[in-house]
Amino acid sequence: MTVRLVGGPPGAGKSTIVREKRRDGDLVIDLDDIRASVGSEATARKLRSVMEDGARTHEDGDVWIVRTLGDPAARAEFADRVGVYEISVLDVDADTAKARVSARDGSDEKHPAIDRWWAQNAPEGANEEEPAMGNQIPTRAAGAAQQLRLSGLGLEV
């Protein structure tokens, strides 16, 4: 069992890539999906928190956690707290992310969140890699959480 965090700005394709990569038995923790199931923002956030706190105990497959987590320090703290083994950051450029959320949501309501995400994430940073594997989320060897920055995936949302 591996706990994976897939982060990035709204519109990066986080949910899309997790849907493509998950297998039977895997647990996906995605606030948008939880909110769609329970209807209430407050209830969805509480349920997500409970699910994340129990991620280490999932035995039937891997755990995929979909979060924005723009601040790299907050992302690292979250990974340590929840027991994340692998962090993948989908750093789709702001213009592409904005176009995707506008098309998907029919509004520009999430544009400020995209700008905030990019304000917190420098284009170059520590622990980055540019894997030459297209849309793959790499599997890493045993050890501490690995952070990957996946750029230009060309995902269609």
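Along the sequence shown, residues are numbered consecutively beginning with 1.
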Show the nearest heavy-atom pair for residues [X] and [Y], with the distance to one decimal.
X	Y	result
Val84	Phe78	CG2-CE2, 4.4 Å
Thr68	Trp117	O-NE1, 3.1 Å
Ile87	Ala79	CD1-CB, 3.7 Å
Arg35	Asp32	NH1-OD1, 3.0 Å
Arg56	Met1	O-CE, 3.2 Å
Pro9	Trp118	CG-NE1, 4.1 Å

Could you check whether any side-chain heavy atom of [X] comes within less than 4.5 Å of a side-chain heavy atom of [Y], counting everything from C-beta outward?
X	Y	value
Arg81	Asp53	yes
Val66	Ile29	no
Asp30	Lys14	no
Arg100	Val92	yes
Arg104	Lys110	yes
Val63	Thr2	no
His111	Val101	yes
Ser15	Asp33	no

Check: Between Asn121 and Arg75, does any side-chain donor sit less than 3.5 Å from a side-chain acceptor?
Finding: yes
Margin query: Please tell me whether Asp108 and Ser102 have a donor and an acceptor in their side chains that are separated by less than 3.5 angstrom.
Written below: no
Next item on the list: Decide whether Leu47 and Leu31 are clustered together by the hydrophobic rule: side chain heavy atoms of Ile, Leu, Val, Met, Phe, Trp, Tyr closer than 4.5 Å, transitively.
Entry: no
Note to self: Tell me whether Arg4 forms a cation-pi arrangement with Trp64, defined as NZ or CZ under 6.0 Å from the six-membered ring centre and within 45 degrees of its axis.
What the structure shows: yes
Is the backbone N or O of [Y] less than 3.5 Å from a side-chain atom of [X], with the two atoms forming a donor-acceptor pair by type?
X	Y	answer
Ser49	Arg45	no
Thr57	Gly54	yes
Asp26	Asp62	yes
Asp105	Ser107	no

Next item on the list: Walk me through it: do Leu69 and Leu5 pass the test side-chain contact (heavy atoms from CB on, under 4.5 Å)?
Entry: CA-CA 10 Å; Leu69 289 173; Leu5 171 63; 4.0 Å; yes
Check: CD1 of Ile65 to CD of Glu86: how many Å apart, nearest 0.5 Å?
Finding: 12.0 Å
Notebook entry, point to check: Are there more than 12 heavy atoms of other residues, nucleotides or ligands under 6.0 Å from atom CD of Glu77?
Noted result: yes
